[in-house]
Amino acid sequence: MTAIVKDTQTHNQLPQSLLQATEPIQDLLETASLYLHIPFCHTRCHYCDFNTFAGLLPLREPYVRALLHEIEMAGTMARHEDGRLRRSRTLFLGGGTPSLLSVDQITRILNACFQSFALDADAEITMEANPGTLNQEQLIGIRKAGINRLSMGAQSFDAELLKTLGRIHSPQEIVQAVDFARVAGFTSINIDFMFGLPGQTMQHWQETLKRALELRPEHLSLYSLIVEEGTPFQDWVNDGSITPGDEDLCADMYEYADELLRQAGYINYEISNWALPGHHSRHNLTYWQNLPYIGMGTGAASSFAGRRFSNEREPLDYIKLVKANQLPTVESEDVEQAQAMSETAFLGLRTAMGIHLPTFAARFGQPFSQFAGNRLQDVEKAGLLEYEDDWLRLSTRGRLLGNEVFLRLLPD
Ligand code: SF4
């Protein structure tokens, strides 16, 4: 999607909270954001390639018990040498469909995290939810348990398109879910929508955005459809029964959304993400700033203590490993300094803020210019990068050709 970005935003339009580091980088590197994966769904959506399973709902309780045990083991693994618990600034319950768990199960998971990690008093605690699986009582319960941000996969306000996607909810259920969430006291709600869908016209997209804005969510994530391998969508594209939106239409949809959302007061702080001031996702910024995180649950990935590792993907195998008191890690690699520098650079360039050069130098003990050497000379000359104060970011043209820049930042 980098090929279709139109950028009219300057640093002057970004809030200070996004431009100023809240804490020294060395302190942030001592934290770990937490991700917990809940791999259950009622049915598989036709485009989905996430590590999630339909038909396994009876496994929910054994899975939650295993997850509680993994949280305890991970908390011990992540402790400081002097025994202090690892500090966490954000926690994200994703999936899958975490809203298929009961309030009691969600409360137990959060309590386990509070016991095994030192969560900040004002930690951002997000739960993903499917609008077709929410009710008022449950939302009041999870708000009470400590969830303070909801992220809803709405995808479209068009009933036909929702059917094409294989989603189980109706457009009315999206509105109802947001109403329930507001009554339950949620003041930070993200809603995901998709564009470039088979059969989706510009008119459909405009209507979806209009109805989305009527709900005034604090955050919106807009993704273009990617046809993933092994999904029903891929089969249907191959046999010609569906055709996703073409690149030009997707570009027009993106530009329309960007303009509309900016006029409505949202800030496009990352390619696919818009937020009202103060409501950017702190958890997702952890990833884009390449800060440490620990993932728990099936298939969850971690980046912690100079290592990247991921968990067993199959729920039954995962449960077995954890029951045997083993951390369910199945893949692991050390992250060399050169790789960490590259990743920090290109993840930073995905954001509207770009790379904060003094922070980069403090983190890696060498200035960005030394790391980049003359690798960026030609893209700088071609006007793909621009400097503003202490920041380096992609220019408007650079965002159109982001991959040209990213390739040059790969380790030798
Ligand atoms: S609800 Fe989300 S995770 Fe579950 S199948 Fe649909 S897209 Fe995949």
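As the structure lists them, so they are numbered: ligands from 1, and atoms in each ligand from 1. Since this is a predicted model, take the numbers as computed values, not measurements.
- Annotation: Y293 is in aromatic contact with Y287 [ring centroid separation under 6.0 Å].
- In terms of protein heavy-atom proximity, atom 2 (Fe) of ligand 1 is closest to R167 NH1, 3.9 Å.
- For E228, the CD atom is densely surrounded, since the number of other residues' heavy atoms within 6.0 Å is greater than 12.
- Checking each of Y63, F50, F53 against F40 for a ring pair (Phe, Tyr, Trp, His ring centres under 6.0 Å) leaves exactly one that passes, namely Y63.
- When each of F193, Y269, F186 is paired with H219, the ring pair (Phe, Tyr, Trp, His ring centres under 6.0 Å) condition holds for Y269 and for no other.
- Using a 4.0 Å cut-off between charged nitrogen and carboxylate oxygen, E343 and R363 do not count as a salt-bridge pair.
- Excluding waters, the count of protein N/O/S atoms less than 2.8 Å from atom 4 (Fe) of ligand 1 comes to 1.
- For atom 7 (S) of ligand 1, the nearest protein heavy atom (residue, atom name, distance) is Y47 OH, 3.4 Å.
- Between L276 and I267, the closest side-chain pair of non-hydrogen atoms is not below 4.5 Å.
- The aromatic ring centroids of F304 and F309 lie 6.0 Å or more from each other.
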